[in-house]
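Heads up: the structure comes next, in C-alpha coordinates.
Note that this is a predicted model, so its numbers are computed, not measured. In what follows, every chain begins at residue 1, and chains take the letters A, B, ... in the order their sequences are listed.
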Number of protein chains: 2
Amino acid sequence: MNLVVTIIVTTKGCYVMQISSRFSVGVHILSLLAINPNEHHTSEWIAGSVGTNPVIIRRVLGYLKKAGLVHVRAGSGGATLARELDEITLLDVYRSVEVVEEGKLFHVHDQPNPSCPVGANIETVLQLLLVKAQHAMEGVLEAVTMKELVEVLSNQIKTKSAGE
Amino acid sequence: MNLVVTIIVTTKGCYVMQISSRFSVGVHILSLLAINPNEHHTSEWIAGSVGTNPVIIRRVLGYLKKAGLVHVRAGSGGATLARELDEITLLDVYRSVEVVEEGKLFHVHDQPNPSCPVGANIETVLQLLLVKAQHAMEGVLEAVTMKELVEVLSNQIKTKSAGE
DNA sequence: ACTAGTTGTAACTAATTTGGTTACAACTGA
DNA sequence: TCAGTTGTAACCAAATTAGTTACAACTAGT
(Lines give C-alpha, C1' and ligand atoms only; values in the text may rest on other atoms or scores of the structure.)
Protein backbone atom coordinates (compact mmCIF):
# COMPACT_ATOMS: atom_id res chain seq x y z
CA MET A 1 0.00 0.00 0.00
CA ASN A 2 1.28 3.42 -0.90
CA LEU A 3 0.36 6.64 0.80
CA VAL A 4 1.49 9.76 -0.96
CA VAL A 5 1.13 13.08 0.76
CA THR A 6 1.85 16.19 -1.21
CA ILE A 7 2.26 19.46 0.58
CA ILE A 8 2.40 22.55 -1.52
CA VAL A 9 4.02 25.52 0.12
CA THR A 10 3.45 28.82 -1.59
CA THR A 11 6.21 31.36 -1.14
CA LYS A 12 3.94 34.36 -1.19
CA GLY A 13 0.37 34.88 -0.13
CA CYS A 14 -2.12 36.51 -2.38
CA TYR A 15 -0.81 39.40 -4.37
CA VAL A 16 -2.06 42.92 -3.90
CA MET A 17 -1.38 46.29 -5.34
CA GLN A 18 1.76 48.14 -4.33
CA ILE A 19 3.25 51.48 -5.20
CA SER A 20 6.15 50.89 -7.59
CA SER A 21 9.62 50.49 -6.16
CA ARG A 22 10.74 53.29 -8.49
CA PHE A 23 10.08 55.51 -5.50
CA SER A 24 12.29 53.66 -3.05
CA VAL A 25 14.94 53.28 -5.75
CA GLY A 26 14.83 57.05 -6.27
CA VAL A 27 15.35 57.67 -2.57
CA HIS A 28 18.19 55.15 -2.56
CA ILE A 29 19.90 56.92 -5.45
CA LEU A 30 19.67 60.36 -3.86
CA SER A 31 21.02 58.95 -0.61
CA LEU A 32 24.01 57.50 -2.43
CA LEU A 33 24.78 60.79 -4.13
CA ALA A 34 24.62 62.56 -0.78
CA ILE A 35 26.61 60.09 1.28
CA ASN A 36 29.41 59.37 -1.20
CA PRO A 37 29.90 62.78 -2.82
CA ASN A 38 33.31 61.92 -4.23
CA GLU A 39 32.41 58.81 -6.15
CA HIS A 40 31.87 58.71 -9.90
CA HIS A 41 28.18 57.76 -9.81
CA THR A 42 27.61 55.86 -13.02
CA SER A 43 24.42 53.90 -13.47
CA GLU A 44 26.47 50.76 -13.13
CA TRP A 45 27.96 51.82 -9.80
CA ILE A 46 24.56 52.81 -8.43
CA ALA A 47 22.99 49.59 -9.70
CA GLY A 48 25.57 47.74 -7.63
CA SER A 49 24.26 49.25 -4.41
CA VAL A 50 20.58 49.09 -5.29
CA GLY A 51 20.86 45.51 -6.49
CA THR A 52 19.39 45.85 -9.92
CA ASN A 53 20.15 46.50 -13.56
CA PRO A 54 21.88 49.71 -14.74
CA VAL A 55 19.02 50.39 -17.14
CA ILE A 56 16.55 50.48 -14.26
CA ILE A 57 18.78 53.09 -12.63
CA ARG A 58 19.03 55.14 -15.79
CA ARG A 59 15.28 55.12 -16.07
CA VAL A 60 14.79 56.39 -12.52
CA LEU A 61 17.61 58.90 -12.99
CA GLY A 62 15.68 60.12 -16.02
CA TYR A 63 12.67 60.85 -13.82
CA LEU A 64 14.78 62.55 -11.17
CA LYS A 65 16.48 64.65 -13.83
CA LYS A 66 13.20 65.66 -15.42
CA ALA A 67 12.07 66.84 -11.98
CA GLY A 68 15.26 68.87 -11.53
CA LEU A 69 16.57 66.84 -8.62
CA VAL A 70 19.79 65.60 -10.23
CA HIS A 71 22.20 66.36 -13.03
CA VAL A 72 23.33 63.50 -15.23
CA ARG A 73 26.33 63.78 -17.52
CA ALA A 74 25.91 61.95 -20.78
CA GLY A 75 29.07 60.50 -22.29
CA SER A 76 31.48 60.78 -19.42
CA GLY A 77 28.81 59.57 -17.09
CA GLY A 78 27.92 60.26 -13.50
CA ALA A 79 25.04 61.82 -11.56
CA THR A 80 25.11 64.60 -8.99
CA LEU A 81 22.55 66.34 -6.81
CA ALA A 82 20.98 69.37 -8.45
CA ARG A 83 19.41 70.73 -5.30
CA GLU A 84 20.26 71.03 -1.63
CA LEU A 85 19.27 67.98 0.38
CA ASP A 86 17.04 70.02 2.67
CA GLU A 87 15.17 71.29 -0.34
CA ILE A 88 14.11 67.85 -1.48
CA THR A 89 11.17 66.29 0.32
CA LEU A 90 10.20 62.67 -0.05
CA LEU A 91 7.06 63.92 -1.75
CA ASP A 92 9.25 65.56 -4.41
CA VAL A 93 10.85 62.20 -5.11
CA TYR A 94 7.48 60.44 -5.01
CA ARG A 95 6.01 62.86 -7.51
CA SER A 96 9.06 62.79 -9.76
CA VAL A 97 8.93 59.06 -10.41
CA GLU A 98 5.22 59.21 -11.26
CA VAL A 99 4.08 56.22 -9.29
CA VAL A 100 0.61 57.57 -8.48
CA GLU A 101 -1.36 60.16 -10.34
CA GLU A 102 -2.54 63.21 -8.39
CA GLY A 103 -5.86 62.38 -6.72
CA LYS A 104 -5.97 58.91 -8.18
CA LEU A 105 -4.56 56.58 -5.58
CA PHE A 106 -7.94 54.90 -5.39
CA HIS A 107 -9.63 53.45 -8.42
CA VAL A 108 -13.32 54.22 -8.11
CA HIS A 109 -15.52 52.10 -10.35
CA ASP A 110 -16.61 54.42 -13.10
CA GLN A 111 -19.82 53.15 -14.66
CA PRO A 112 -22.40 53.29 -11.87
CA ASN A 113 -25.99 53.38 -13.03
CA PRO A 114 -27.08 57.02 -13.22
CA SER A 115 -30.74 56.09 -12.87
CA CYS A 116 -30.14 54.58 -9.45
CA PRO A 117 -29.91 57.27 -6.74
CA VAL A 118 -26.97 55.59 -5.05
CA GLY A 119 -25.19 54.90 -8.32
CA ALA A 120 -25.67 58.46 -9.45
CA ASN A 121 -24.13 60.01 -6.36
CA ILE A 122 -21.66 57.61 -4.80
CA GLU A 123 -18.70 58.64 -6.95
CA THR A 124 -18.54 62.28 -5.89
CA VAL A 125 -19.14 61.48 -2.24
CA LEU A 126 -16.43 58.83 -2.17
CA GLN A 127 -13.90 60.77 -4.21
CA LEU A 128 -13.93 63.60 -1.71
CA LEU A 129 -12.99 61.25 1.09
CA LEU A 130 -10.46 59.22 -0.82
CA VAL A 131 -8.57 62.27 -2.02
CA LYS A 132 -8.44 63.36 1.60
CA ALA A 133 -6.97 60.00 2.55
CA GLN A 134 -4.41 60.22 -0.22
CA HIS A 135 -3.41 63.71 0.85
CA ALA A 136 -2.90 62.52 4.42
CA MET A 137 -0.45 59.95 3.15
CA GLU A 138 1.37 62.40 0.93
CA GLY A 139 1.49 64.89 3.78
CA VAL A 140 3.73 62.52 5.72
CA LEU A 141 6.08 62.26 2.74
CA GLU A 142 6.11 66.02 2.37
CA ALA A 143 7.10 66.51 6.00
CA VAL A 144 10.37 64.62 5.59
CA THR A 145 13.33 66.03 3.68
CA MET A 146 16.08 63.98 2.13
CA LYS A 147 18.43 65.75 4.53
CA GLU A 148 16.59 64.32 7.52
CA LEU A 149 16.44 60.89 5.97
CA VAL A 150 20.14 60.90 5.18
CA GLU A 151 20.90 61.94 8.75
CA VAL A 152 18.94 59.04 10.16
CA LEU A 153 20.59 56.77 7.63
CA SER A 154 24.09 58.00 8.52
CA ASN A 155 23.44 57.47 12.22
CA GLN A 156 22.25 53.95 11.61
CA ILE A 157 25.32 53.22 9.52
CA LYS A 158 27.62 54.49 12.29
CA THR A 159 25.77 52.60 15.02
CA LYS A 160 25.87 49.39 13.04
CA SER A 161 29.55 49.56 12.16
CA ALA A 162 30.37 50.47 15.78
CA GLY A 163 28.44 47.46 17.02
CA GLU A 164 30.52 44.96 15.09
CA MET B 1 -1.65 66.22 -54.57
CA ASN B 2 -2.80 64.48 -51.45
CA LEU B 3 -2.17 65.60 -47.94
CA VAL B 4 -3.05 63.13 -45.25
CA VAL B 5 -2.96 64.23 -41.66
CA THR B 6 -3.37 61.64 -38.97
CA ILE B 7 -4.03 62.74 -35.45
CA ILE B 8 -3.85 60.13 -32.76
CA VAL B 9 -5.66 61.02 -29.59
CA THR B 10 -4.92 58.84 -26.60
CA THR B 11 -7.79 58.51 -24.17
CA LYS B 12 -5.63 58.09 -21.12
CA GLY B 13 -2.19 59.30 -20.20
CA CYS B 14 0.42 56.99 -18.82
CA TYR B 15 -0.88 54.32 -16.52
CA VAL B 16 -0.03 54.17 -12.88
CA MET B 17 -0.84 52.02 -9.94
CA GLN B 18 -4.22 52.33 -8.31
CA ILE B 19 -5.91 50.67 -5.36
CA SER B 20 -8.45 48.17 -6.74
CA SER B 21 -12.01 49.32 -7.27
CA ARG B 22 -13.09 46.37 -5.12
CA PHE B 23 -13.00 48.88 -2.30
CA SER B 24 -15.31 51.44 -3.88
CA VAL B 25 -17.58 48.63 -5.06
CA GLY B 26 -17.76 47.35 -1.49
CA VAL B 27 -18.77 50.78 -0.22
CA HIS B 28 -21.33 51.02 -3.00
CA ILE B 29 -22.86 47.69 -2.03
CA LEU B 30 -23.13 48.55 1.65
CA SER B 31 -24.72 51.88 0.76
CA LEU B 32 -27.33 50.12 -1.35
CA LEU B 33 -28.19 47.72 1.45
CA ALA B 34 -28.58 50.63 3.83
CA ILE B 35 -30.57 52.96 1.60
CA ASN B 36 -32.99 50.42 0.11
CA PRO B 37 -33.59 48.10 3.05
CA ASN B 38 -36.72 46.56 1.57
CA GLU B 39 -35.32 45.40 -1.73
CA HIS B 40 -34.33 41.84 -2.48
CA HIS B 41 -30.61 42.46 -2.96
CA THR B 42 -29.51 39.80 -5.40
CA SER B 43 -26.10 40.09 -7.03
CA GLU B 44 -27.88 40.84 -10.28
CA TRP B 45 -29.85 43.72 -8.76
CA ILE B 46 -26.73 45.18 -7.14
CA ALA B 47 -24.75 44.77 -10.33
CA GLY B 48 -27.35 46.91 -12.05
CA SER B 49 -26.58 49.84 -9.80
CA VAL B 50 -22.82 49.37 -9.70
CA GLY B 51 -22.65 48.92 -13.46
CA THR B 52 -20.79 45.66 -13.63
CA ASN B 53 -21.19 41.90 -13.79
CA PRO B 54 -23.06 39.94 -11.08
CA VAL B 55 -20.02 37.74 -10.55
CA ILE B 56 -17.93 40.76 -9.62
CA ILE B 57 -20.57 41.59 -7.02
CA ARG B 58 -20.63 38.06 -5.68
CA ARG B 59 -16.87 38.16 -5.31
CA VAL B 60 -16.93 41.40 -3.34
CA LEU B 61 -19.90 40.16 -1.30
CA GLY B 62 -17.75 37.15 -0.49
CA TYR B 63 -15.09 39.42 1.01
CA LEU B 64 -17.66 41.46 2.94
CA LYS B 65 -19.24 38.26 4.26
CA LYS B 66 -15.90 36.84 5.31
CA ALA B 67 -15.28 40.05 7.26
CA GLY B 68 -18.67 39.77 8.97
CA LEU B 69 -20.12 42.89 7.39
CA VAL B 70 -23.00 41.25 5.51
CA HIS B 71 -25.11 38.13 5.43
CA VAL B 72 -25.73 36.47 2.10
CA ARG B 73 -28.43 33.89 1.59
CA ALA B 74 -27.47 31.12 -0.79
CA GLY B 75 -30.27 29.63 -2.86
CA SER B 76 -33.03 32.13 -2.29
CA GLY B 77 -30.55 34.94 -2.70
CA GLY B 78 -30.16 38.38 -1.23
CA ALA B 79 -27.68 40.22 1.00
CA THR B 80 -28.32 42.15 4.19
CA LEU B 81 -26.20 44.17 6.59
CA ALA B 82 -24.73 42.10 9.39
CA ARG B 83 -23.67 45.05 11.51
CA GLU B 84 -24.97 48.47 12.43
CA LEU B 85 -23.96 51.17 9.95
CA ASP B 86 -22.20 53.19 12.64
CA GLU B 87 -20.11 50.19 13.53
CA ILE B 88 -18.60 49.88 10.07
CA THR B 89 -15.77 52.24 9.22
CA LEU B 90 -14.44 52.72 5.72
CA LEU B 91 -11.25 51.10 6.98
CA ASP B 92 -13.25 47.97 7.81
CA VAL B 93 -14.44 47.81 4.23
CA TYR B 94 -10.97 48.60 2.91
CA ARG B 95 -9.45 45.78 4.96
CA SER B 96 -12.19 43.33 4.09
CA VAL B 97 -11.64 43.48 0.34
CA GLU B 98 -7.90 42.97 0.75
CA VAL B 99 -6.72 45.62 -1.66
CA VAL B 100 -3.50 46.46 0.20
CA GLU B 101 -1.59 44.31 2.60
CA GLU B 102 -0.91 45.68 6.08
CA GLY B 103 2.25 47.79 5.97
CA LYS B 104 2.84 47.07 2.32
CA LEU B 105 1.36 49.96 0.39
CA PHE B 106 4.86 50.79 -0.83
CA HIS B 107 7.01 48.29 -2.64
CA VAL B 108 10.54 48.79 -1.38
CA HIS B 109 13.17 47.24 -3.62
CA ASP B 110 14.35 44.17 -1.77
CA GLN B 111 17.83 43.22 -2.92
CA PRO B 112 20.04 46.13 -1.94
CA ASN B 113 23.72 45.32 -1.69
CA PRO B 114 24.46 44.50 1.98
CA SER B 115 28.13 45.36 1.56
CA CYS B 116 27.28 48.94 0.68
CA PRO B 117 26.51 51.03 3.80
CA VAL B 118 23.57 52.73 2.14
CA GLY B 119 22.24 49.53 0.62
CA ALA B 120 22.50 47.74 3.93
CA ASN B 121 20.48 50.31 5.85
CA ILE B 122 18.10 52.09 3.54
CA GLU B 123 15.32 49.50 3.76
CA THR B 124 14.70 49.78 7.49
CA VAL B 125 14.94 53.56 7.50
CA LEU B 126 12.51 53.92 4.61
CA GLN B 127 10.05 51.31 5.82
CA LEU B 128 9.54 53.18 9.07
CA LEU B 129 8.51 56.29 7.20
CA LEU B 130 6.42 54.60 4.57
CA VAL B 131 4.39 52.64 7.08
CA LYS B 132 3.75 55.93 8.83
CA ALA B 133 2.49 57.42 5.58
CA GLN B 134 0.27 54.43 4.96
CA HIS B 135 -1.17 54.67 8.46
CA ALA B 136 -1.97 58.34 7.94
CA MET B 137 -4.01 57.40 4.90
CA GLU B 138 -5.78 54.57 6.65
CA GLY B 139 -6.46 56.83 9.62
CA VAL B 140 -8.68 58.99 7.43
CA LEU B 141 -10.63 55.92 6.34
CA GLU B 142 -10.98 54.77 9.92
CA ALA B 143 -12.42 58.13 10.99
CA VAL B 144 -15.43 57.79 8.71
CA THR B 145 -18.27 55.36 9.38
CA MET B 146 -20.63 54.00 6.76
CA LYS B 147 -23.41 55.75 8.68
CA GLU B 148 -21.80 59.13 8.07
CA LEU B 149 -21.14 58.34 4.45
CA VAL B 150 -24.72 57.20 3.88
CA GLU B 151 -25.98 60.40 5.51
CA VAL B 152 -23.93 62.56 3.16
CA LEU B 153 -25.04 60.40 0.28
CA SER B 154 -28.74 60.68 1.25
CA ASN B 155 -28.48 64.44 1.53
CA GLN B 156 -26.90 64.69 -1.88
CA ILE B 157 -29.63 62.51 -3.35
CA LYS B 158 -32.34 64.72 -1.82
CA THR B 159 -30.65 67.93 -2.93
CA LYS B 160 -30.23 66.67 -6.45
CA SER B 161 -33.78 65.40 -6.89
CA ALA B 162 -35.11 68.64 -5.38
CA GLY B 163 -33.07 70.67 -7.83
CA GLU B 164 -34.62 69.06 -10.87
C1' DA C 1 40.79 62.55 -34.19
C1' DC C 2 40.27 58.13 -31.79
C1' DT C 3 38.70 55.44 -28.41
C1' DA C 4 36.86 53.63 -24.26
C1' DG C 5 33.23 54.25 -21.30
C1' DT C 6 28.59 56.02 -20.52
C1' DT C 7 23.90 57.73 -21.18
C1' DG C 8 19.29 57.60 -23.25
C1' DT C 9 15.95 54.75 -25.36
C1' DA C 10 13.59 51.38 -27.84
C1' DA C 11 12.08 46.80 -27.92
C1' DC C 12 11.07 42.75 -25.83
C1' DT C 13 9.99 39.29 -21.94
C1' DA C 14 8.02 37.01 -17.81
C1' DA C 15 5.30 37.54 -13.89
C1' DT C 16 1.43 39.41 -11.99
C1' DT C 17 -3.02 42.03 -11.10
C1' DT C 18 -7.45 43.38 -12.49
C1' DG C 19 -12.07 43.41 -14.22
C1' DG C 20 -14.92 40.87 -17.02
C1' DT C 21 -17.16 36.68 -18.66
C1' DT C 22 -18.99 31.84 -19.12
C1' DA C 23 -20.24 27.78 -16.99
C1' DC C 24 -22.02 24.94 -13.59
C1' DA C 25 -22.79 22.44 -9.22
C1' DA C 26 -25.09 23.20 -4.91
C1' DC C 27 -28.59 25.29 -2.45
C1' DT C 28 -33.28 27.27 -0.97
C1' DG C 29 -38.02 28.30 -0.65
C1' DA C 30 -42.42 28.12 -2.63
C1' DT D 1 -39.98 19.57 -8.11
C1' DC D 2 -38.44 23.68 -10.00
C1' DA D 3 -37.07 28.35 -10.83
C1' DG D 4 -33.89 31.51 -9.21
C1' DT D 5 -29.57 32.36 -6.84
C1' DT D 6 -25.05 31.78 -4.76
C1' DG D 7 -20.26 30.26 -4.73
C1' DT D 8 -16.45 29.04 -7.57
C1' DA D 9 -13.54 27.53 -11.05
C1' DA D 10 -11.60 28.54 -15.35
C1' DC D 11 -10.45 31.47 -18.68
C1' DC D 12 -9.50 36.09 -21.22
C1' DA D 13 -7.75 40.70 -22.54
C1' DA D 14 -5.53 44.69 -21.01
C1' DA D 15 -2.14 46.74 -18.38
C1' DT D 16 1.88 47.48 -15.16
C1' DT D 17 6.30 46.30 -13.43
C1' DA D 18 11.06 44.91 -13.23
C1' DG D 19 14.42 43.04 -15.85
C1' DT D 20 17.15 42.42 -20.03
C1' DT D 21 19.50 43.13 -24.64
C1' DA D 22 20.91 46.17 -28.01
C1' DC D 23 22.54 50.25 -29.92
C1' DA D 24 23.03 55.10 -31.42
C1' DA D 25 24.74 59.35 -29.56
C1' DC D 26 27.75 61.59 -26.65
C1' DT D 27 32.06 63.03 -23.86
C1' DA D 28 36.61 63.32 -22.06
C1' DG D 29 41.15 62.19 -22.21
C1' DT D 30 44.99 60.77 -24.90
Between the protein and nucleotides 1-10 of chain D, which nitrogen or oxygen pairs come in under 3.5 angstrom?
| residue | atom | partner | partner atom | Å |
| --- | --- | --- | --- | --- |
| dG4(D) | N2 | G75(B) | O | 2.7 |
| dT5(D) | O4' | G75(B) | O | 2.9 |
| dT6(D) | OP1 | S43(B) | N | 3.1 |
| dT6(D) | OP1 | G78(B) | N | 3.3 |
| dT6(D) | OP2 | S43(B) | N | 3.4 |
| dT6(D) | OP2 | S43(B) | OG | 2.7 |
| dG7(D) | OP1 | K65(B) | NZ | 2.4 |
| dG7(D) | N7 | R58(B) | NE | 2.8 |
| dG7(D) | O6 | R58(B) | NH2 | 3.0 |

Handout entry: Separation of atom CZ in F106(B) from atom C1' in dT17(D), rounded to whole Å
Key = 17 Å
Practice task
Can you tell me which residue pairs pass the salt bridge (charged side-chain N to carboxylate O under 4.0 Å, His left out) test with a partner in residues 147-158 of chain A, sequence neighbours excluded?
Solution key: none
Handout entry: SB check E138(A) R95(A) (cutoff 4.0 Å)
Key = yes
Exercise for the section: Start with the C-alpha gap between S24(B) and H109(A), add the side-chain angles, then the distance that decides, and say whether side-chain hydrogen bond (donor to acceptor under 3.5 Å, both in side chains) holds. Expected result: CA-CA 7 Å; S24(B) 66; H109(A) 59 291; 2.8 Å; yes
Problem - Gap between atoms CZ and P, on F23(A) and dA18(D) respectively (whole Å) - result: 13 Å
Problem - Rounded distance (Å) that lies between atom P of dA15(C) and atom CE of M17(A) - result: 22 Å
Handout entry: Atom-pair distance (CG on N53(B); P on dA13(D)), nearest Å
Key = 17 Å
Handout entry: Rounded interatomic separation in angstrom, taking CD1 from I19(A) and P from dA18(D)
Key = 12 Å
Handout entry: Gap between atoms NE2 and P, on H109(B) and dT17(D) respectively (whole Å)
Key = 17 Å
Problem - Reported CG-to-CG distance for the pair L64(B) and D92(B), which is rounded to 0.5 angstrom - result: 10.5 Å
Problem - Integer-rounded Å distance: dT20(D) P and I56(A) CD1 - result: 8 Å
Problem - Pairwise side-chain contact, S31(B) with M146(B), heavy-atom cut-off 4.5 Å (strictly under) - result: yes
Practice task
Give a yes or no answer on whether the side chain of H41(B) reaches the backbone of I29(B) with a donor-acceptor pair at less than 3.5 Å.
Solution key: no
Exercise for the section: To the nearest Å, give me how far apart CD (E39(A)) and P (dT6(C)) are. Expected result: 13 Å
